[in-house]
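Model, not experiment: these values are computed from the prediction.
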Amino acid sequence: MIIIKNGKIYTMAGKIFENGSIIIENGIIKEIKENSETLPQGQIIDAKGKIIMPGFVEAHGHIGSCLTATSLNEDINEMTDPITPEMRAIDSINPMDPTFKDAIQGGITTGATGPGSGNVVGGTFTVIKLHGNRIDDMVIKNPLAMKCAFGENPKRVYGNMNKMPSTRMGTAAQLRDLLFKSIEYRNKKNTAKEDPDKAPSFDIKLESMLPVVNGEIPLKAHAHQADDIFTAIRIAKEFGVKLTLDHCSEGHLIAEELAKEGFPAIIGPTFGWKSKFELRNLDFKAPKILFDAGVKIAIMTDNPVLPAESLPMCAALAYKSGLDEMEALKCITINAAQILGINKKVGSLEVGKDADIVIWDRHPFDLQSNVIKTIVNGKVVYSK
(Lines give C-alpha, C1' and ligand atoms only; values in the text may rest on other atoms or scores of the structure.)
Protein backbone atom coordinates (compact mmCIF):
# COMPACT_ATOMS: atom_id res chain seq x y z
CA MET A 1 0.00 0.00 0.00
CA ILE A 2 1.22 3.51 -0.89
CA ILE A 3 -0.06 6.67 0.79
CA ILE A 4 0.63 10.06 -0.76
CA LYS A 5 -0.11 12.84 1.71
CA ASN A 6 0.07 16.62 2.20
CA GLY A 7 -0.22 17.55 -1.48
CA LYS A 8 -2.55 19.73 -3.52
CA ILE A 9 -4.53 17.20 -5.55
CA TYR A 10 -5.99 18.05 -8.95
CA THR A 11 -8.35 15.12 -9.44
CA MET A 12 -9.54 16.35 -12.88
CA ALA A 13 -12.92 15.01 -11.78
CA GLY A 14 -14.21 18.35 -10.55
CA LYS A 15 -12.62 18.58 -7.10
CA ILE A 16 -9.30 19.98 -5.94
CA PHE A 17 -8.01 18.89 -2.52
CA GLU A 18 -5.87 21.70 -1.14
CA ASN A 19 -4.15 19.40 1.34
CA GLY A 20 -5.08 15.85 0.53
CA SER A 21 -4.09 12.22 0.65
CA ILE A 22 -4.33 9.40 -1.89
CA ILE A 23 -4.33 5.77 -0.76
CA ILE A 24 -3.19 3.22 -3.35
CA GLU A 25 -3.71 -0.52 -3.04
CA ASN A 26 -2.93 -3.23 -5.60
CA GLY A 27 -2.25 -0.63 -8.28
CA ILE A 28 -5.67 1.03 -7.88
CA ILE A 29 -6.76 4.24 -6.16
CA LYS A 30 -8.55 3.12 -3.02
CA GLU A 31 -9.33 6.48 -1.41
CA ILE A 32 -8.83 10.23 -1.88
CA LYS A 33 -9.51 12.56 1.00
CA GLU A 34 -8.47 15.71 2.78
CA ASN A 35 -5.49 15.11 5.02
CA SER A 36 -6.15 13.56 8.39
CA GLU A 37 -4.03 12.24 11.21
CA THR A 38 -5.49 8.79 10.67
CA LEU A 39 -3.86 7.09 7.71
CA PRO A 40 -3.29 3.37 7.12
CA GLN A 41 0.10 1.73 7.35
CA GLY A 42 2.16 1.60 4.19
CA GLN A 43 4.80 3.37 2.14
CA ILE A 44 4.38 7.08 2.85
CA ILE A 45 5.18 9.70 0.23
CA ASP A 46 5.11 13.19 1.69
CA ALA A 47 4.06 15.64 -1.04
CA LYS A 48 4.05 18.73 1.15
CA GLY A 49 4.18 21.85 -0.99
CA LYS A 50 3.78 19.77 -4.14
CA ILE A 51 1.06 19.33 -6.77
CA ILE A 52 -0.44 15.91 -7.46
CA MET A 53 -2.07 15.18 -10.81
CA PRO A 54 -3.14 12.20 -12.89
CA GLY A 55 -0.56 10.99 -15.38
CA PHE A 56 -0.97 12.93 -18.61
CA VAL A 57 -2.49 11.26 -21.68
CA GLU A 58 -1.02 11.72 -25.17
CA ALA A 59 -4.00 11.30 -27.52
CA HIS A 60 -1.98 10.99 -30.74
CA GLY A 61 1.67 10.14 -31.35
CA HIS A 62 4.00 7.51 -32.73
CA ILE A 63 6.15 6.70 -29.72
CA GLY A 64 8.21 3.54 -30.09
CA SER A 65 8.02 3.32 -33.88
CA CYS A 66 10.68 5.91 -34.81
CA LEU A 67 13.78 4.91 -32.88
CA THR A 68 16.34 6.70 -35.03
CA ALA A 69 16.53 8.81 -38.16
CA THR A 70 17.60 5.80 -40.23
CA SER A 71 15.04 3.92 -42.30
CA LEU A 72 16.11 0.56 -40.83
CA ASN A 73 14.74 1.59 -37.43
CA GLU A 74 11.68 3.51 -38.62
CA ASP A 75 8.53 1.42 -38.57
CA ILE A 76 5.89 4.11 -38.72
CA ASN A 77 4.68 3.77 -42.35
CA GLU A 78 4.42 0.73 -44.64
CA MET A 79 4.73 2.88 -47.75
CA THR A 80 4.56 0.12 -50.35
CA ASP A 81 0.79 0.28 -50.72
CA PRO A 82 -1.54 3.21 -49.96
CA ILE A 83 -4.11 0.87 -48.36
CA THR A 84 -2.69 -1.11 -45.43
CA PRO A 85 -5.40 -1.53 -42.75
CA GLU A 86 -3.86 -4.86 -41.75
CA MET A 87 -0.86 -3.10 -40.16
CA ARG A 88 -0.95 -3.15 -36.36
CA ALA A 89 0.90 -0.69 -34.15
CA ILE A 90 1.69 -3.34 -31.56
CA ASP A 91 3.97 -5.05 -34.11
CA SER A 92 6.17 -1.97 -34.53
CA ILE A 93 6.46 -0.46 -31.04
CA ASN A 94 9.77 -0.96 -29.24
CA PRO A 95 9.44 -0.15 -25.51
CA MET A 96 13.25 0.07 -25.29
CA ASP A 97 13.06 3.36 -27.20
CA PRO A 98 14.55 6.01 -24.83
CA THR A 99 11.59 8.30 -25.55
CA PHE A 100 9.49 6.14 -23.20
CA LYS A 101 11.79 7.05 -20.31
CA ASP A 102 11.67 10.71 -21.33
CA ALA A 103 7.88 10.65 -21.39
CA ILE A 104 7.64 9.05 -17.94
CA GLN A 105 10.08 11.59 -16.50
CA GLY A 106 7.91 14.31 -18.03
CA GLY A 107 4.70 13.07 -16.42
CA ILE A 108 3.20 11.37 -19.49
CA THR A 109 1.98 7.91 -18.48
CA THR A 110 -0.40 6.91 -21.28
CA GLY A 111 -0.12 7.28 -25.04
CA ALA A 112 -2.08 6.53 -28.19
CA THR A 113 0.45 5.39 -30.77
CA GLY A 114 0.28 3.98 -34.26
CA PRO A 115 1.04 4.34 -37.95
CA GLY A 116 1.91 7.64 -39.57
CA SER A 117 0.18 9.51 -42.35
CA GLY A 118 2.05 8.28 -45.41
CA ASN A 119 -0.81 6.02 -46.50
CA VAL A 120 -4.49 6.63 -47.18
CA VAL A 121 -5.16 3.91 -44.59
CA GLY A 122 -2.17 3.03 -42.45
CA GLY A 123 -3.36 0.49 -39.87
CA THR A 124 -4.52 0.39 -36.28
CA PHE A 125 -3.49 2.57 -33.36
CA THR A 126 -3.24 1.20 -29.83
CA VAL A 127 -3.25 2.84 -26.38
CA ILE A 128 -0.49 1.84 -23.99
CA LYS A 129 0.98 2.66 -20.61
CA LEU A 130 4.36 4.22 -21.26
CA HIS A 131 6.25 2.09 -18.76
CA GLY A 132 7.20 -1.52 -19.38
CA ASN A 133 9.44 -3.77 -21.43
CA ARG A 134 6.88 -5.91 -23.26
CA ILE A 135 4.26 -4.18 -25.37
CA ASP A 136 1.68 -6.93 -24.76
CA ASP A 137 1.69 -6.08 -21.05
CA MET A 138 1.46 -2.32 -21.63
CA VAL A 139 -1.70 -2.29 -23.75
CA ILE A 140 -4.81 -0.58 -22.40
CA LYS A 141 -6.90 -0.74 -25.57
CA ASN A 142 -6.17 -2.50 -28.85
CA PRO A 143 -7.22 -1.78 -31.47
CA LEU A 144 -7.98 1.84 -30.64
CA ALA A 145 -8.72 3.23 -34.08
CA MET A 146 -7.94 2.85 -37.79
CA LYS A 147 -5.54 5.51 -39.02
CA CYS A 148 -6.39 7.26 -42.27
CA ALA A 149 -4.86 10.35 -43.82
CA PHE A 150 -5.98 13.22 -46.01
CA GLY A 151 -4.11 16.10 -47.55
CA GLU A 152 -0.50 16.46 -48.59
CA ASN A 153 1.14 13.33 -47.18
CA PRO A 154 -0.41 10.41 -49.09
CA LYS A 155 -0.63 12.37 -52.35
CA ARG A 156 3.04 13.34 -52.04
CA VAL A 157 4.22 9.81 -51.21
CA TYR A 158 2.33 8.05 -54.00
CA GLY A 159 2.30 10.92 -56.48
CA ASN A 160 6.10 10.74 -56.42
CA MET A 161 5.78 7.06 -57.35
CA ASN A 162 3.41 7.98 -60.19
CA LYS A 163 0.71 5.97 -58.40
CA MET A 164 -2.73 6.75 -57.05
CA PRO A 165 -3.40 8.86 -55.05
CA SER A 166 -1.70 11.90 -56.47
CA THR A 167 -4.66 14.17 -55.67
CA ARG A 168 -7.10 14.70 -52.81
CA MET A 169 -9.77 13.19 -55.05
CA GLY A 170 -7.69 10.03 -55.33
CA THR A 171 -7.27 9.78 -51.56
CA ALA A 172 -11.02 10.09 -50.98
CA ALA A 173 -11.80 7.62 -53.77
CA GLN A 174 -9.45 4.98 -52.37
CA LEU A 175 -10.90 5.30 -48.86
CA ARG A 176 -14.44 5.05 -50.23
CA ASP A 177 -13.51 1.99 -52.26
CA LEU A 178 -12.13 0.28 -49.17
CA LEU A 179 -15.21 1.10 -47.10
CA PHE A 180 -17.58 -0.12 -49.84
CA LYS A 181 -15.67 -3.40 -50.14
CA SER A 182 -15.48 -3.81 -46.36
CA ILE A 183 -19.25 -3.45 -45.97
CA GLU A 184 -19.83 -5.89 -48.82
CA TYR A 185 -17.39 -8.35 -47.20
CA ARG A 186 -19.18 -8.00 -43.86
CA ASN A 187 -22.57 -8.61 -45.45
CA LYS A 188 -21.32 -11.73 -47.21
CA LYS A 189 -19.90 -13.06 -43.95
CA ASN A 190 -23.23 -12.42 -42.23
CA THR A 191 -25.09 -14.25 -45.01
CA ALA A 192 -22.65 -17.14 -44.66
CA LYS A 193 -23.81 -17.71 -41.09
CA GLU A 194 -26.95 -19.22 -42.62
CA ASP A 195 -25.34 -20.53 -45.81
CA PRO A 196 -21.60 -21.35 -45.42
CA ASP A 197 -21.26 -21.84 -49.19
CA LYS A 198 -21.66 -18.08 -49.60
CA ALA A 199 -18.70 -17.23 -47.37
CA PRO A 200 -16.25 -14.83 -49.04
CA SER A 201 -12.58 -15.71 -49.40
CA PHE A 202 -10.52 -14.44 -46.50
CA ASP A 203 -9.15 -10.95 -47.13
CA ILE A 204 -6.90 -9.57 -44.39
CA LYS A 205 -7.44 -5.95 -45.48
CA LEU A 206 -11.21 -6.22 -45.36
CA GLU A 207 -11.14 -8.33 -42.22
CA SER A 208 -9.11 -5.59 -40.53
CA MET A 209 -11.72 -2.99 -41.50
CA LEU A 210 -14.64 -4.85 -39.90
CA PRO A 211 -14.27 -3.09 -36.51
CA VAL A 212 -14.55 0.23 -38.37
CA VAL A 213 -17.65 -0.56 -40.42
CA ASN A 214 -19.22 -2.31 -37.41
CA GLY A 215 -18.85 0.88 -35.35
CA GLU A 216 -16.46 -0.68 -32.83
CA ILE A 217 -13.55 1.69 -33.47
CA PRO A 218 -13.31 5.07 -35.22
CA LEU A 219 -11.34 6.26 -38.18
CA LYS A 220 -8.49 8.33 -36.77
CA ALA A 221 -8.27 10.95 -39.50
CA HIS A 222 -5.09 12.93 -40.13
CA ALA A 223 -6.50 16.19 -41.51
CA HIS A 224 -4.94 19.66 -41.33
CA GLN A 225 -6.77 21.83 -43.85
CA ALA A 226 -10.42 22.78 -43.53
CA ASP A 227 -11.30 21.12 -46.83
CA ASP A 228 -9.64 17.87 -45.73
CA ILE A 229 -11.47 17.99 -42.41
CA PHE A 230 -14.78 18.32 -44.26
CA THR A 231 -13.87 15.44 -46.59
CA ALA A 232 -13.16 13.23 -43.59
CA ILE A 233 -16.54 14.15 -42.10
CA ARG A 234 -18.32 13.67 -45.45
CA ILE A 235 -16.98 10.13 -45.83
CA ALA A 236 -17.62 9.19 -42.19
CA LYS A 237 -21.25 10.28 -42.48
CA GLU A 238 -21.63 8.61 -45.88
CA PHE A 239 -20.65 5.23 -44.41
CA GLY A 240 -21.96 5.74 -40.87
CA VAL A 241 -18.59 5.23 -39.19
CA LYS A 242 -17.07 6.86 -36.13
CA LEU A 243 -14.38 9.52 -36.50
CA THR A 244 -11.85 11.60 -34.62
CA LEU A 245 -10.31 14.67 -36.24
CA ASP A 246 -6.58 14.53 -35.60
CA HIS A 247 -4.36 17.61 -36.03
CA CYS A 248 -7.35 19.73 -37.07
CA SER A 249 -4.92 22.58 -37.80
CA GLU A 250 -7.54 24.76 -39.49
CA GLY A 251 -10.35 23.64 -37.23
CA HIS A 252 -10.54 27.06 -35.61
CA LEU A 253 -11.46 28.53 -39.02
CA ILE A 254 -14.56 26.29 -39.18
CA ALA A 255 -15.26 25.89 -35.47
CA GLU A 256 -19.02 26.48 -35.60
CA GLU A 257 -19.43 23.90 -38.37
CA LEU A 258 -17.38 21.33 -36.46
CA ALA A 259 -19.43 21.89 -33.33
CA LYS A 260 -22.59 21.06 -35.31
CA GLU A 261 -21.05 17.82 -36.59
CA GLY A 262 -20.11 16.60 -33.09
CA PHE A 263 -16.83 14.83 -33.83
CA PRO A 264 -14.00 15.31 -31.29
CA ALA A 265 -10.76 17.05 -32.27
CA ILE A 266 -7.23 16.15 -31.19
CA ILE A 267 -5.31 19.34 -31.87
CA GLY A 268 -1.65 19.80 -32.67
CA PRO A 269 1.14 20.08 -32.67
CA THR A 270 0.72 23.85 -32.84
CA PHE A 271 4.25 24.52 -31.62
CA GLY A 272 7.11 24.41 -34.13
CA TRP A 273 7.89 24.98 -37.76
CA LYS A 274 5.10 25.46 -40.31
CA SER A 275 6.88 22.96 -42.48
CA LYS A 276 4.32 22.62 -45.27
CA PHE A 277 1.55 24.60 -46.93
CA GLU A 278 -1.32 22.96 -45.07
CA LEU A 279 0.15 24.14 -41.74
CA ARG A 280 0.13 27.82 -42.67
CA ASN A 281 -2.79 28.61 -40.35
CA LEU A 282 -1.45 26.97 -37.18
CA ASP A 283 -2.58 29.05 -34.22
CA PHE A 284 -2.14 28.64 -30.45
CA LYS A 285 -5.66 30.09 -30.11
CA ALA A 286 -7.19 27.10 -31.91
CA PRO A 287 -8.03 25.09 -28.74
CA LYS A 288 -9.84 28.06 -27.17
CA ILE A 289 -11.80 28.82 -30.34
CA LEU A 290 -12.85 25.21 -30.77
CA PHE A 291 -13.71 24.82 -27.06
CA ASP A 292 -15.76 28.02 -27.08
CA ALA A 293 -17.68 26.71 -30.09
CA GLY A 294 -18.53 23.49 -28.24
CA VAL A 295 -16.09 21.00 -29.76
CA LYS A 296 -14.68 18.25 -27.52
CA ILE A 297 -10.90 18.75 -27.66
CA ALA A 298 -7.62 17.17 -26.64
CA ILE A 299 -4.06 18.30 -27.34
CA MET A 300 -1.25 16.19 -28.81
CA THR A 301 2.50 16.35 -29.46
CA ASP A 302 2.46 13.96 -32.44
CA ASN A 303 5.66 12.50 -30.98
CA PRO A 304 8.34 12.44 -32.43
CA VAL A 305 7.32 15.73 -34.15
CA LEU A 306 7.53 17.14 -30.63
CA PRO A 307 8.92 15.21 -27.67
CA ALA A 308 6.14 13.51 -25.70
CA GLU A 309 7.31 15.28 -22.53
CA SER A 310 6.44 18.63 -24.15
CA LEU A 311 2.71 17.80 -23.84
CA PRO A 312 2.15 20.05 -20.78
CA MET A 313 3.97 22.86 -22.58
CA CYS A 314 1.58 22.52 -25.53
CA ALA A 315 -1.37 22.74 -23.15
CA ALA A 316 0.27 25.71 -21.40
CA LEU A 317 0.55 27.56 -24.72
CA ALA A 318 -3.20 27.03 -25.25
CA TYR A 319 -3.78 28.40 -21.74
CA LYS A 320 -1.53 31.38 -22.47
CA SER A 321 -3.62 32.01 -25.59
CA GLY A 322 -6.90 32.20 -23.70
CA LEU A 323 -8.10 28.68 -22.96
CA ASP A 324 -9.25 28.29 -19.35
CA GLU A 325 -6.59 26.69 -17.13
CA MET A 326 -8.70 23.69 -16.13
CA GLU A 327 -9.90 23.15 -19.68
CA ALA A 328 -6.29 23.16 -20.87
CA LEU A 329 -5.44 20.54 -18.24
CA LYS A 330 -8.45 18.48 -19.31
CA CYS A 331 -7.05 18.43 -22.85
CA ILE A 332 -4.15 16.28 -21.64
CA THR A 333 -6.02 14.30 -18.98
CA ILE A 334 -9.70 13.43 -18.84
CA ASN A 335 -10.72 14.82 -22.26
CA ALA A 336 -7.96 12.86 -23.96
CA ALA A 337 -8.99 9.73 -22.06
CA GLN A 338 -12.65 10.18 -22.97
CA ILE A 339 -11.91 10.67 -26.66
CA LEU A 340 -9.77 7.51 -26.60
CA GLY A 341 -12.44 5.60 -24.69
CA ILE A 342 -10.18 4.75 -21.74
CA ASN A 343 -11.58 7.16 -19.14
CA LYS A 344 -12.78 4.34 -16.88
CA LYS A 345 -9.13 3.54 -16.20
CA VAL A 346 -7.09 6.75 -16.58
CA GLY A 347 -7.34 10.51 -17.10
CA SER A 348 -8.43 11.51 -13.60
CA LEU A 349 -7.78 10.62 -9.99
CA GLU A 350 -10.85 8.74 -8.78
CA VAL A 351 -11.51 5.74 -6.59
CA GLY A 352 -11.28 2.54 -8.63
CA LYS A 353 -9.09 3.95 -11.39
CA ASP A 354 -5.53 2.94 -12.16
CA ALA A 355 -3.03 4.62 -9.85
CA ASP A 356 -1.22 6.60 -12.55
CA ILE A 357 -0.12 9.63 -10.55
CA VAL A 358 2.50 12.35 -11.00
CA ILE A 359 3.88 14.62 -8.28
CA TRP A 360 5.14 18.02 -9.49
CA ASP A 361 7.22 20.55 -7.60
CA ARG A 362 5.08 23.34 -9.09
CA HIS A 363 2.28 23.73 -11.62
CA PRO A 364 3.15 21.81 -14.81
CA PHE A 365 2.34 24.87 -16.94
CA ASP A 366 5.34 26.57 -15.33
CA LEU A 367 8.37 25.91 -17.56
CA GLN A 368 10.52 25.67 -14.43
CA SER A 369 8.43 22.78 -13.07
CA ASN A 370 9.88 19.32 -12.46
CA VAL A 371 8.35 15.92 -11.98
CA ILE A 372 9.29 14.62 -8.52
CA LYS A 373 7.72 11.17 -8.83
CA THR A 374 5.83 9.24 -11.48
CA ILE A 375 3.63 6.34 -10.42
CA VAL A 376 2.20 3.87 -12.97
CA ASN A 377 -0.22 1.13 -11.93
CA GLY A 378 0.59 1.90 -8.29
CA LYS A 379 4.35 1.50 -8.72
CA VAL A 380 6.88 4.31 -8.42
CA VAL A 381 8.66 4.17 -11.79
CA TYR A 382 10.54 7.47 -11.59
CA SER A 383 11.81 9.49 -8.66
CA LYS A 384 13.88 12.64 -8.94
- request: Assess whether salt bridge (Lys or Arg N to Asp or Glu O under 4.0 Å) is satisfied between K242 and E216, documenting all intermediate values.
  value: CA-CA 8 Å; K242 296 178 179 179; E216 297 163 14; over 6 Å; no
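- The two residues A355 and I29 come nearest to each other via the heavy atoms CA-CG1, 3.9 Å.
- Using a cutoff of 4.0 Å between basic side-chain nitrogens and carboxylate oxygens, K330 and E327 are scored as salt-bridged.
- With values rounded to the nearest 0.5 angstrom, I90 atom CD1 is found 7.0 Å from T124 atom OG1.
- There is no path of hydrophobic side-chain contacts, each under 4.5 Å, that joins I334 to L349.
- The aromatic ring centroids of F125 and H60 lie less than 6.0 Å from each other.
- Shown here for P165 and Y158, the closest heavy-atom pair between the two residues is O-CB, 3.6 Å.
- The pair D361-K50 fails the salt-bridge criterion, with no side-chain N (NZ, NE, NH1 or NH2) lying under 4.0 Å from an Asp/Glu carboxylate O.
- Taking CZ of F271 as the start and SG of C314 as the end, the distance is 8.0 Å to the nearest 0.5 Å.
- Among all heavy-atom pairs drawn from A315 and F365, the shortest one is CB-CE2, 3.7 Å.
- I299 and L317 are members of different hydrophobic clusters when ILVMFWY side chains are connected at heavy-atom separations under 4.5 Å.
- Expressed to the nearest 0.5 Å, how far CG of D91 lies from CD1 of I135 amounts to 10.0 Å.
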message: For L179 and M209: C-alpha separation, side-chain torsions, deciding distance, then whether side-chain contact (heavy atoms from CB on, under 4.5 Å) applies.
response: CA-CA 8 Å; L179 288 166; M209 287 295 292; 3.7 Å; yes
message: K48 vs N19, test: side-chain hydrogen bond (donor to acceptor under 3.5 Å, both in side chains). Steps then yes/no.
response: CA-CA 8 Å; K48 186 175 182 179; N19 186 32; over 6 Å; no
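- Using modelled atom types and a 3.5 Å distance limit, the side chains of E152 and H224 yield no donor-acceptor pair.
- A donor-acceptor contact under 3.5 angstrom links the side chains of K353 and S348, judged on distance only.
- Taking the charged nitrogens against the carboxylate oxygens, D356 and K129 do have a contact shorter than 4.0 Å, which makes a salt bridge.
- No hydrogens or angles considered: nothing links the side chains of H62 and N303 as a donor-acceptor pair under 3.5 Å.
- Taking 4.5 Å as the limit, every side-chain heavy atom of I3 sits out of range of all side-chain heavy atoms of I45.
- Ring pair Y10/F17: centre-to-centre distance not below 6.0 Å.
- The shortest heavy-atom contact between V213 and V241 is CA-CG1, 4.2 Å.
- In this model, no donor atom of one side chain and acceptor atom of the other lie less than 3.5 Å apart for T171 and R168.
- Between the side chains of N119 and N77, no donor-acceptor pair of N or O atoms lies under 3.5 Å.
- When only modelled atom types and interatomic distance are considered, K155 and S166 share no side-chain donor-acceptor pair under 3.5 Å.
- In this model, a donor atom of one side chain and an acceptor atom of the other lie less than 3.5 Å apart for E58 and T301.
- L144 and I266 are members of different hydrophobic clusters when ILVMFWY side chains are connected at heavy-atom separations under 4.5 Å.
- Side-chain N/O atoms of N281 and E250 include a donor and acceptor closer than 3.5 Å.
- The minimum heavy-atom distance linking M164 with Q174 is given by the pair O-NE2, 3.6 Å.
- Taking hydrophobic clusters as Ile, Leu, Val, Met, Phe, Trp and Tyr residues chained together by side-chain heavy-atom distances below 4.5 Å, M326 shares a cluster with I332.
- Taking CG of D203 as the start and CD of E86 as the end, the distance is 8.5 Å to the nearest 0.5 Å.
- Distance check, rounded to the nearest 0.5 Å: CG of L130 to CE of M138 gives 6.5 Å.
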task: Verify side-chain contact (heavy atoms from CB on, under 4.5 Å) between H131 and T109, making sure each step is shown before the conclusion.
output: CA-CA 7 Å; H131 176 78; T109 57; over 6 Å; no
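- Between the CD1 atom in I140 and the CD1 atom in I128 there is a gap of 8.5 Å [rounded to 0.5 Å].
- A side-chain N or O of Q225 and one of D227 form a donor-acceptor pair less than 3.5 Å apart.
- In this structure, I183 is a member of the same hydrophobic cluster as V120, with clusters built from ILVMFWY side-chain heavy atoms closer than 4.5 Å.
- Nearest approach of K147 to S117, heavy atoms of both residues: NZ-N, 3.7 Å.
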